[in-house]
Trainee: 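Quick one: this structure, given as structure tokens, is what I'll be asking you about.
All of these numbers come straight from a predicted model, not from anything done at the bench. One-based numbering, in listed order, for ligands and for the atoms of each.
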Amino acid sequence: MDLFDKCYNFKEAQEIRQLGLYPYFQPISSEQDTEVIINNRKILMLGSNSYLGLTVHPKVKKAAIDAIEKYGTGCAGSRFLNGTLDIHEELEERLAAFVNKGNALLFSTGFQANLGAIAGLVGKGEYVILDKSDHASIVDGSRLSYGEVKRFVHNDMNSLKKVLESIDKDAGKLIVVDGVYSMDGDIANLPEMVKLKKQYNARLMVDDAHSFGVLGKNGRGTANHFGLEDEVDIIMGTFSKSFASLGGFIAADKEVIDYLRHFARSVIFSASITPASTAAVLAALDIMENEPELIDKLWANTGRMRKGVVDMGYDIGTSCTPIIPLIVGDNGTVLKMRRMLFDEGLFVNPVLSPAVPPNKALIRLSLMATHTFEQIDFALDKLYKVGKALGVI
Ligand code: PMP
């Protein structure tokens, strides 16, 4: 067998392309606002994670441009050596204060933050305990660690308790969950999890990729939303969503962060986040702290969309955030529906099995603060028309 046989034999993507249903890697040729240009057509964006719409905010764009003028385009080295800028440290201080932790550490992506933090912290003879719906970067970070990986049923606290009971009570344990789950749009049951982590002497890490800018005071995330900032030991965030940039961070006690500065391999052996990306996050933070009405608008938009689709008869599962899944059924129907919605002028994300259980394939809608009610009503019209045509509603 040749190593590349699997590549030459991989035909699924090509077959879906030939049917005109391939949904991935679609190039956008305009500003990434609520409306974008794809194939020379104006499309309403309902698939972006820029929940507050800040990637096109003039203050955020200007901060990035000014940072390039001052520092140049890249850092040409890791934080550990030549790649630390004063604005990296400023951002770490701002983020630590934002989430009420002792310190924070920047990474070049959120994916790298999870890899570096989990693999850096969980060693031989220790355990990392994951929700079955955790993000791929949490799964990969756990596999990279020398610890043993255990999993519990999605957001099921009895299942978590059973896992904790089954583990040596003196061993180090890290529970890692998403604050808001990116497929289901539901929120982790932090209050119960905190009780369990105390009972079983575990540490708790929350990936707030989809929670910053969405939950908590000024978008401070899930721990703040539940009033549990002191009880959640590690908060992880990405800059690729509400923070309108690229990069990620971990916030925790200052000793934990200092340890990670020296043991998180994805910090030490990877170039630091660019000046433009760093400055964009600082500007986005300013806006989040000073314009809370944006978050109110995000929730108003979410409420309007959710009511609209539920009234039509769509199944949105356990969603209670701006991520609204429309659970449709088999992969084929979802691919067809995605294409029909695109032809009607809507960009939505398909989520297929095996990313979700068989027959639970879904169309995922993500709301932004900058959507107008007119845009949402336009989308609802199209979702009704296509849902009826396919017999989904
Ligand atoms: N965690 C979660 C829950 C995510 O959804 C994502 C991004 N899709 C990441 C981590 C990775 O973040 P980044 O895009 O910054 O690599």
Trainee: Between F212 and F249, is the gap from one ring center to the other below 6.0 Å?
Mentor: yes

Trainee: Tell me which protein heavy atom sits closest to atom 9 (C) of ligand 1, plus the residue, atom name and distance to 0.1 Å.
Mentor: H135 CE1, 3.4 Å

Trainee: Do any nitrogen or oxygen atoms of D207 come within less than 3.5 Å of a nitrogen or oxygen of ligand 1?
Mentor: yes

Trainee: Side chain, backbone, both or neither: which part of K241 comes within less than 4.0 Å of ligand 1 when only heavy atoms are counted?
Mentor: side chain

Trainee: Write out the residue and atom name of the closest protein heavy atom to atom 14 (O) of ligand 1, then the distance separating them to 0.1 Å.
Mentor: S240 OG, 2.9 Å

Trainee: So which bit of T109 gets within less than 4.0 Å of ligand 1, heavy atoms only: side chain, backbone, both or neither?
Mentor: both

Trainee: What atoms in ligand 1 come closer than 4.0 Å to a heavy atom of H210?
Mentor: 3 (C), 4 (C), 5 (O)

Trainee: When you measure from the side chain of T278 to the backbone of T274, do you find a donor-acceptor pair of N or O atoms at a distance under 3.5 Å?
Mentor: yes

Trainee: Testing the basics here: between H262 and D258, what is the closest heavy-atom pair and its distance to 0.1 Å?
Mentor: ND1-O, 2.8 Å

Trainee: Going by the order shown, which atoms of ligand 1 are within less than 4.0 Å of some heavy atom of G110?
Mentor: 11 (C), 12 (O), 13 (P), 15 (O), 16 (O)

Trainee: Based purely on interatomic distance, does T238 place a nitrogen or oxygen under 3.5 Å from a nitrogen or oxygen of ligand 1?
Mentor: yes

Trainee: Not counting sequence neighbours, list each pair that qualifies as a salt bridge (Lys or Arg N to Asp or Glu O under 4.0 Å) and has a residue in residues 359-380.
Mentor: R304-D377

Trainee: Give the atom numbers and elements of ligand 1 that come within less than 4.0 Å of a heavy atom of A209.
Mentor: 1 (N), 2 (C), 3 (C), 4 (C)

Trainee: Which ligand 1 atoms are under 4.0 Å away from a heavy-atom of G247?
Mentor: 15 (O)

Trainee: So is S137 in contact with ligand 1, going by heavy-atom distances below 4.0 Å?
Mentor: yes

Trainee: Purely on distance, is any nitrogen or oxygen of F111 under 3.5 Å from one on ligand 1?
Mentor: yes

Trainee: Suppose we call two aromatic rings close when their centres sit under 6.0 Å apart. Are H154 and Y181 close by that rule?
Mentor: yes

Trainee: Show every donor-acceptor pair shorter than 3.5 Å between a side-chain atom in residues 106-114 and any protein atom, with sequence neighbours excluded, or say none if there are none.
Mentor:
unit_1	atom_1	unit_2	atom_2	d
S108	OG	A271	O	2.5
T109	OG1	F111	N	3.4
T109	OG1	Q112	N	3.0
Q112	OE1	S270	OG	3.4
N114	ND2	S137	OG	3.0
N114	ND2	D207	OD2	3.0

Trainee: Taking the six-membered ring for Trp, are Y24 and Y22 parallel (under 30°), tilted (30 to 60°) or perpendicular (over 60°)?
Mentor: perpendicular

Trainee: I'd like to know if K161 pairs up with E192 as an ion pair, taking the criterion as any Lys NZ or Arg NE/NH1/NH2 lying under 4.0 Å from an Asp or Glu carboxylate oxygen.
Mentor: no

